Amino acid sequence: MAEAHLVPPHNPPPPGQALEDAPLDLRQYWNTIVNHLWTVVLVTVAVTAGTTLWTLRQPKIYRAQAQVAVDFNTPKVLSEVREVVELGSLTAWNNRAYMDLQLAMLRSREVSLEIARRLAEDPTFVPVSERESALRWLPNYVRGVLQASSDKDSRIVNIVAEDTAPERITRVVNVAADVFIERNLEQKMEATVGANEWLVGQVDELEGSLEKSEVALQRFKEEHDILSATFEDRQSINSQDLLALSKAITDLRLRKMELEVREQQTQRVMAESADGGLGVRALPQVYSNASVQEHHAELQKLRTERADLLSRYGELHPKLQSIERQIQMQQEELDREIQLILEVERRSLSELNEVEKVYETALERAKSEAFEVNRHEIAYNRLRREQTNNERLYEMVLRRQKEADLSAAMKFNNMRLMEKALVPNTPVRPNNTRNVMFGMIIGLLLGIAMAFLLEFLDNTVKSQADVEQKLGMVFLGVLPSIKSTTGEATPEAKEGTARSPSRDLHVHLYPKSAVAECCRALRTNLLFMTPDAPLKTILITSPGPQEGKTTAAISLSIAMAQSGGRTLLVDTDLRRPRIHKSFQISNQVGVTSVLVGDCELKDAIKSTEVPGLYVLPCGPIPPNPAELLHTARFQETLEKLKEQFDRVILDSPPVGAVADALILSSYVGGVVMALRCNKTSKDMAARTRRALVDVNAHMLGVVLNDLDLESKSGYYSYYLARYGYVYGDPEGEGTSSAKAA
């Protein structure tokens, strides 16, 4: 027979330690939802149904809407004529402010009264007999149902009303749109008429002011003998003279400063010449002079001829003496030319000084004349400015008054009805589809929250993670639920009830089932825990009753026997023994009979239909089980059994019920705790572990019992994948085998 799949135990963390450093595992959340799927479904259905009923009972609300287009510029029939009521500059801020003003006007009480009055006059809306009473409630009704809005960058005003009567709100919206447009035109006309009356009065007043200012200006001209043309020309001439003299003096002073600099440079060069310098010929005005350059060139030429004659004839030769005379004459001419240039510059500087004095005198005279003219100009300009301002104001107001007359005559409106309200066919509220979907989403969220709440409140052991992480114990394996012929899971037998032997012997009867496979895995894990010192005695216990410890003990014993060794199953539950019923053997003699000396050990041990498996039943139930187990006789008996058998497995009472298991745990090589899935609480399991540890029991680990592989729970998906399909079922092993995955 092939060995079972190994699930090696490992060292778990200490009990109660939270795995804070573990990464977030979304599968845990998904498993929680799957485990409580019916709760999620029921809550979702309940909330959805409630939302649907609430939605269907709500009154149907209809909406009617009309649209009014607002033009920020009225049509320009006359391009030069401006409206009296201006909409402001074309900016987003001004346009938004204008739209807000119009919306506020539409929601005003005055407009609501006008809309109510028109609705009351309509016999199709309000009967004639009820017209007076309707005027008392219609304004408030209109203000209650009517709404107006516009988008941020839109010129469209949306007029909307909602009510249960579609024809009524359609009429309200259309009347409101008409009143809105008409009120806008009336507002403009009222402003235009009022502005026109004010402008007429301003025209008369400004006409009188203009006449007074013209008379005052004319009187000033006559008193000072000033003609407009002559006065202005005189101002122009004086200004031109001042500008010309100022420019001439400026140019003269610049020329004068230039000559003064040259004179200073000449004096410095002459001083340097006395000390052996280059002399005045180094001055720019001298050096650049054409005549000086010509004399200098001729002088150089003569000196060259003199040097040539001197080398050929000597100093006394007539030609050399002639050349000397020519050089002397040429040098004198050059000196006179240089002196002339310097003298011209000195006289030019003197002349500029004289001219500067003349210009300054003329400038002072021109300034005096200009000051005289300015004294008359101040008074003249004041009178002239007053007359000009009055003239401009008069012309502007007169033109605006004519524009106001034309604007009042044209009667253009910058609002128009863009879309009339139509009678709505379908309600806008309640939105059945949206409400139901919203209720479904809320229900789903509440169902999921309820699932997590139930999961949080559920304190039972459900998975390997609970055993290792919450209890801090070694996980040895699982024992799936054993199905009956009716397909129901078989829990631990209740007190005084019979149990089918075929269920306890399931591993023997169906060796290819998932239960047998899990028992072989459990056997392998136990054998590999102590490979060097074989584990001879094993105690199977549980925190409380009905947790499957007897089934686990029988199944493990069968698996041990199937491995080839001699295995003995001892029923040490001296209070509620059941092993003899499972193997259908007599319970007249057993453990208690051996301990009290009524029979020999060999007579109490019974063989079973399982090859290699023997059973030592409980025997007659004693009045003092704990005292009987706590004797040297029992220890001696246990030692004899260890010598005769390869494995001795003891089925004991629950730890939480009596102290028998704690006594037995000190005699055996190891203790296996059976926990029933979804029944044993974590607190009870933790207390059982603590009680066993306190008596120095060797805890081997935990077997998770009654695990339903056919469940869709997310906790058991791993085991379903491992054991759900182990072997085929060609021989028809019955419904006891787990169904294929």
Side-chain angles (χ1 to χ4, degrees), residues 7-20 22 456-479 492 518 521-523 525-530 535-553 555-556 572-573 575-576 625-626 629-630 649-707 715 719:
V7 184
H10 59 277
N11 293 326
Q17 178 177 337
L19 301 180
E20 298 178 355
F456 176 76
L457 297 177
D458 187 1
N459 194 35
T460 59
V461 179
K462 295 179 287 297
S463 64
Q464 178 180 350
D466 290 340
V467 173
E468 295 179 342
Q469 299 174 8
K470 302 299 175 59
L471 302 179
M473 302 175 67
V474 175
F475 181 77
L476 297 174
V478 298
L479 285 180
E492 186 70 21
C518 291
L522 175 60
R523 177 194 65 193
N525 288 336
L526 289 172
L527 294 179
F528 272 82
M529 291 184 70
T530 57
L535 194 61
K536 298 287 287 185
T537 55
I538 301 174
L539 176 68
I540 309 297
T541 187
S542 64
Q546 302 181 24
E547 294 186 347
K549 61 175 182 57
T550 300
T551 302
S555 301
L556 179 59
T572 55
D573 190 349
R575 303 172 188 270
R576 295 176 183 175
L629 295 175
H630 199 49
I649 299 176
L650 286 70
D651 179 26
S652 72
V655 175
V658 293
D660 299 3
L662 298 178
I663 297 172
L664 293 171
S665 64
S666 62
Y667 301 151
V668 297
V671 179
V672 174
M673 186 188 302
L675 304 179
R676 187 171 177 183
C677 184
N678 293 319
K679 182 180 182 298
T680 305
S681 68
K682 299 172 186 175
D683 296 337
M684 187 66 178
R687 286 196 295 269
T688 301
R689 176 186 181 276
R690 190 179 307 110
L692 291 170
V693 172
D694 289 342
V695 297
N696 297 323
H698 180 205
M699 290 296 302
L700 297 177
V702 170
V703 175
L704 192 59
N705 188 34
D706 197 21
L707 187 145
Y715 295 121
Y719 305 108

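None of these values were measured; they are calculated from a predicted model.
For Ser652 against Ala661, the heavy-atom pair with the smallest separation is OG-CB, 3.6 Å. Residues Pro543 and Thr680 share a closest heavy-atom pair of CG-CG2, 3.9 Å.
Note on residues 656-669: pairs passing salt bridge (charged side-chain N to carboxylate O under 4.0 Å, His left out), not counting sequence neighbours, are Arg575-Asp660.
Distance check: Thr551 OG1 to Asp651 CG gives 9.0 Å after rounding to the nearest 0.5 Å. We find the CG-OG1 distance between Leu629 and Thr572 to be 6.5 Å, quoted to the nearest 0.5 Å. Note that CG of Asn525 is 6.5 Å distant from CG of Leu476, once rounded to the nearest 0.5 Å. Going from atom CG of Leu664 over to atom CD1 of Ile540 covers 12.0 Å, rounded to the nearest 0.5 Å. Note: Asp683 CG to Thr688 OG1 = 10.5 Å, rounded to the nearest 0.5 Å. Taken from CZ in Arg676 to OG1 in Thr460, the straight-line distance is 11.5 Å, to the nearest 0.5 Å.
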Does Leu471 form a side chain to side chain contact (heavy atoms under 4.5 Å, CB included) with Val702? I'd like the steps, not just the answer.
CA-CA 10 Å; Leu471 302 179; Val702 170; 5.6 Å; no
Working for side chain to side chain contact (heavy atoms under 4.5 Å, CB included), residues Lys682 and Asp466
CA-CA 8 Å; Lys682 299 172 186 175; Asp466 290 340; 3.8 Å; yes
Side chain to side chain contact (heavy atoms under 4.5 Å, CB included), that's the test. Do Arg523 and Phe528 meet it? Break it down for me.
CA-CA 9 Å; Arg523 177 194 65 193; Phe528 272 82; over 6 Å; no
Set out, in order, the CA-CA distance, both residues' side-chain angles and the distance that settles side chain to side chain contact (heavy atoms under 4.5 Å, CB included) for Val474 and Leu700, then state yes or no.
CA-CA 7 Å; Val474 175; Leu700 297 177; over 6 Å; no
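Not one N or O on the side chain of Lys462 forms a donor-acceptor pair closer than 3.5 Å with the backbone of Cys677. Under the 3.5 Å distance criterion, the side-chain polar atoms of Asp706 are left unmatched by any main-chain donor or acceptor of Gly548. Judged by distance alone, the side chain of Thr541 and the main-chain N or O of Pro653 form a donor-acceptor pair under 3.5 Å. A donor-acceptor pair under 3.5 Å links the side-chain atoms of Glu547 to the main chain of Gly544, judged by distance alone. Between the side chain of Thr537 and the backbone N or O of Gly669, at least one donor-acceptor pair lies under 3.5 Å. Side chain of Ser666 to main chain of Ile663: a donor-acceptor pair is present (N/O by atom type, distance under 3.5 Å, no hydrogens or angles).
In this structure, Gln464 and Leu704 have side chains that are not in contact, with every pair of non-hydrogen atoms separated by 4.5 Å or more. Contact of the Ile538 side chain with the Leu650 side chain is not registered, since no non-hydrogen atoms from C-beta on lie closer than 4.5 Å. Within the 4.5 Å cutoff, the side chain of Asp573 has heavy atoms near those of the Lys549 side chain. Two residues are said to be in side-chain contact when any heavy atoms from C-beta on lie closer than 4.5 Å; Leu556 and Leu526 meet this criterion. The side-chain heavy atoms of Val478 and Val703, taken from C-beta on, include no pair separated by under 4.5 Å. Arg689 places a side-chain heavy atom less than 4.5 Å from the side chain of Met473. Considering only heavy atoms from C-beta on, Val695 comes within 4.5 Å of Ser665 through its side chain. Residues Pro625 and Val658 are not in side-chain contact: their nearest non-hydrogen atoms beyond the backbone lie 4.5 Å or more apart.
For the residue pair Asn459 and Ser681, no side-chain donor N or O sits within less than 3.5 Å of a side-chain acceptor on the partner.
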